[in-house]
> 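Just passing along the structure, written as structure tokens.
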Amino acid sequence: TRSTRPQRLLKAVQEKAMKGDPQSVISTIDYFCRHSEWAMNVGDEKGSILDSVVCEVSPTTALELGTYCGYSTVRIARLLPPGTQLITLEFNPAFAAVARQVIEYAGLHNKVCLVEGASGDMIPKMREMFGIKTFDFVFLDHWKDRYLPDIKLLEGCQLLRKGSILLADNVICPGTPEYLEYVRNSPHYKSMYYKSHLEYTKVEDGLEKSVFLG
Ligand SMILES: Cc1ncnc2c1ncn2[C@@H]1O[C@H](/C=C/CNC(=O)c2cc(-c3ccc(F)cc3)cc(O)c2O)[C@@H](O)[C@H]1O
Ligand SMILES: [Mg+2]
């Protein structure tokens, strides 16, 4: 049967990227998505903004919602100091299988814990599974209608602390109107918008950074 786009993306990484070199894996995926097949990775332009926020926060505990092929997982994990861990949630087994191989190829398997499951089910289990008290950083890039319920769940599970940073992809395209309205109007968050473009295109998109105020 015909391969899937994530499988073709993985093949490009295995054939063209340098094993153990995260930057090479990132560049290979960006080249593949720009010149062969578009895929919904955060991409190089928004990825640079993601990098700068991760470096600024330098989190000891980080969570990613929506692994897909592991592109942003590699971007984040490559910047984490030793001894810190990125937990990434993915409920599609086929995507999780590709992402595991991309993360492994980049040599970042010791910094990443990929959990197969739905965010709504797994978030309440974070404390018991990982001994996490709170998350310093959360990257939201899964189904857009899950952003709002999932941050409310993080709040409810006391997994955010004063100063926790949320960074959300696609707040313009495809768009997350309810999420934006909430984080921009809630007294519990201070938000700012980073204007950019939809990955590999000239279409406007952006990232919303929100600080939890407690
Ligand atoms: C509750 C739950 N739990 C666990 N995993 C979950 C989960 N909900 C989804 N997932 C997982 O996360 C990824 C899904 C990502 C969804 N992202 C987008 O839809 C997306 C779309 C575009 C886009 C823009 C313009 C277009 F014309 C077409 C597409 C760009 C993007 O950057 C996107 O992120 C995918 O791997 C899915 O299995
Ligand atoms: Mg996205």
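All ligand and atom numbering here is 1-based and tracks the order in the structure.
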> Answer yes or no: does an N/O atom from Asp141 fall short of 3.5 Å to an N/O atom of ligand 1?
yes

> Nearest non-hydrogen atom to atom 30 (C) of ligand 1 belongs to which of Lys46, Arg146, Glu199?
Glu199

> Is Asp150 in polar range of ligand 1, meaning some N or O pair under 3.5 Å apart?
no

> Under 4.0 Å, heavy atoms only, figure out whether ligand 1 is touched by the backbone of Lys144, its side chain, both or neither.
side chain

> Under 4.0 Å, heavy atoms only, figure out whether ligand 1 is touched by the backbone of Phe95, its side chain, both or neither.
side chain

> For the ring pair His142 and Tyr147, is the centre-to-centre distance below 6.0 Å?
yes

> Which atoms of ligand 1 have any heavy atom of Gly66 under 4.0 Å away?
12 (O)

> Indicate yes or no: at least one non-hydrogen side-chain atom of Leu159 is less than 4.5 angstrom from one of Leu63.
no

> Under a 4.0 Å heavy-atom limit, does Val42 contact ligand 1 with its side chain, its backbone, both, or neither?
neither

> Indicate, as side chain, backbone, both or neither, the part of Trp38 found under 4.0 angstrom from ligand 1 when only non-hydrogen atoms are considered.
side chain

> Would you call Lys144-Asp141 a salt bridge at under 4.0 Å N-O?
yes

> Between Arg184 and Ser191, is any side-chain donor less than 3.5 angstrom from a side-chain acceptor?
no

> Please confirm whether Gly117 comes under 4.0 Å of ligand 1, counting heavy atoms of the residue only.
yes

> Which ligand 1 atoms does Asp169 reach within 4.0 Å, using its non-hydrogen atoms?
32 (O)

> Do any nitrogen or oxygen atoms of Asn41 lie less than 3.5 angstrom from nitrogen or oxygen atoms of ligand 1?
no

> Is at least one protein non-hydrogen atom found at under 4.0 angstrom from atom 8 (N) of ligand 1?
yes

> Could you list the atoms of ligand 1 found under 4.0 angstrom from a heavy atom of Tyr68?
36 (O)

> Can you see whether Tyr182 has Lys152 sitting over its ring - NZ or CZ less than 6.0 Å from the centre and within 45° of the normal?
yes

> Give the residue and atom name of whichever protein heavy atom lies nearest to atom 14 (C) of ligand 1, and the separation in Å to one decimal.
Trp143 CZ3, 3.1 Å

> Can you give me the closest heavy-atom contact between Ser210 and Tyr189, atom names plus distance?
CB-CD2, 4.0 Å

> Considering heavy atoms of the protein only, find what lies nearest to atom 3 (N) of ligand 1 and give residue, atom and distance to 0.1 Å.
Ser119 N, 3.0 Å

> Between Asp205 and Lys195, is there a salt bridge with N-O shorter than 4.0 Å?
no

> Does the side chain of Cys113 come within less than 4.5 Å of Leu86's, by heavy atoms?
no

> Using distance alone, with no hydrogens and no angle criterion, decide if Asp44 and Tyr200 have a side-chain donor and acceptor under 3.5 Å apart.
no

> Which heavy atom of Asn41 sits nearest to which heavy atom of Cys33, and what is that distance?
OD1-SG, 3.1 Å

> Write out the residue and atom name of the closest protein heavy atom to atom 21 (C) of ligand 1, then the distance separating them to 0.1 Å.
Pro174 CG, 3.6 Å

> Enumerate the atoms of ligand 1 whose separation from the nearest heavy atom of Leu198 is less than 4.0 angstrom.
24 (C), 25 (C), 30 (C)

> How many angstroms lie between atom OH of Tyr193 and atom CG of Leu180, to the nearest 0.5 angstrom?
8.5 Å

> Less than 4.0 Å between atom 26 (C) of ligand 1 and some protein heavy atom, yes or no?
no

> Quick test of your reading of the structure: of Met122, Glu90, His142, whose heavy atom lies closest to atom 35 (C) of ligand 1?
Glu90

> How close do Glu90 and Tyr68 get, heavy atom to heavy atom, and via which atoms?
OE1-N, 2.9 Å

> Are any of the side-chain heavy atoms of Arg161 and Phe212 separated by less than 4.5 Å?
no

> Strictly under 2.8 Å, is the Mg ion (ligand 2) approached by any N, O or S atom of Asn170?
yes

> Under 4.0 Å, heavy-atom basis, I'd like to know which part of Asn170 is in contact with ligand 1: side chain, backbone, both or neither.
side chain

> Under a 4.0 Å threshold between the charged nitrogen and the carboxylate oxygen, would Glu15 count as salt-bridged to Lys11?
yes

> Below 4.0 Å, non-hydrogen atoms only: which portion of Asp205 touches ligand 1? Side chain, backbone, both or neither.
neither

> Round to 10° and report the angle made at the Mg ion (ligand 2) by OD2 of Asp169 and OD1 of Asp141.
100°

> Any N/O of Phe91 closer than 3.5 Å to an N/O of ligand 1?
yes

> Which atom names give the shortest non-hydrogen contact between Gly163 and Val211, and what distance separates them?
CA-CG1, 3.8 Å

> Quick check on contacts: which atoms of ligand 1 are under 4.0 angstrom from a heavy atom of Asn92?
38 (O)

> Output yes if Glu199 passes the N/O/S-under-2.8 Å test against the Mg ion (ligand 2); output no otherwise.
no

> Measure from NZ or CZ of Arg75 to the centre of the six-membered ring of Phe139 and say whether it is under 6.0 Å with the direction within 45° of the ring axis.
no

> Return a yes/no value for Thr67: is any of its N or O atoms, backbone included, closer than 3.5 angstrom to an N or O of ligand 1?
no

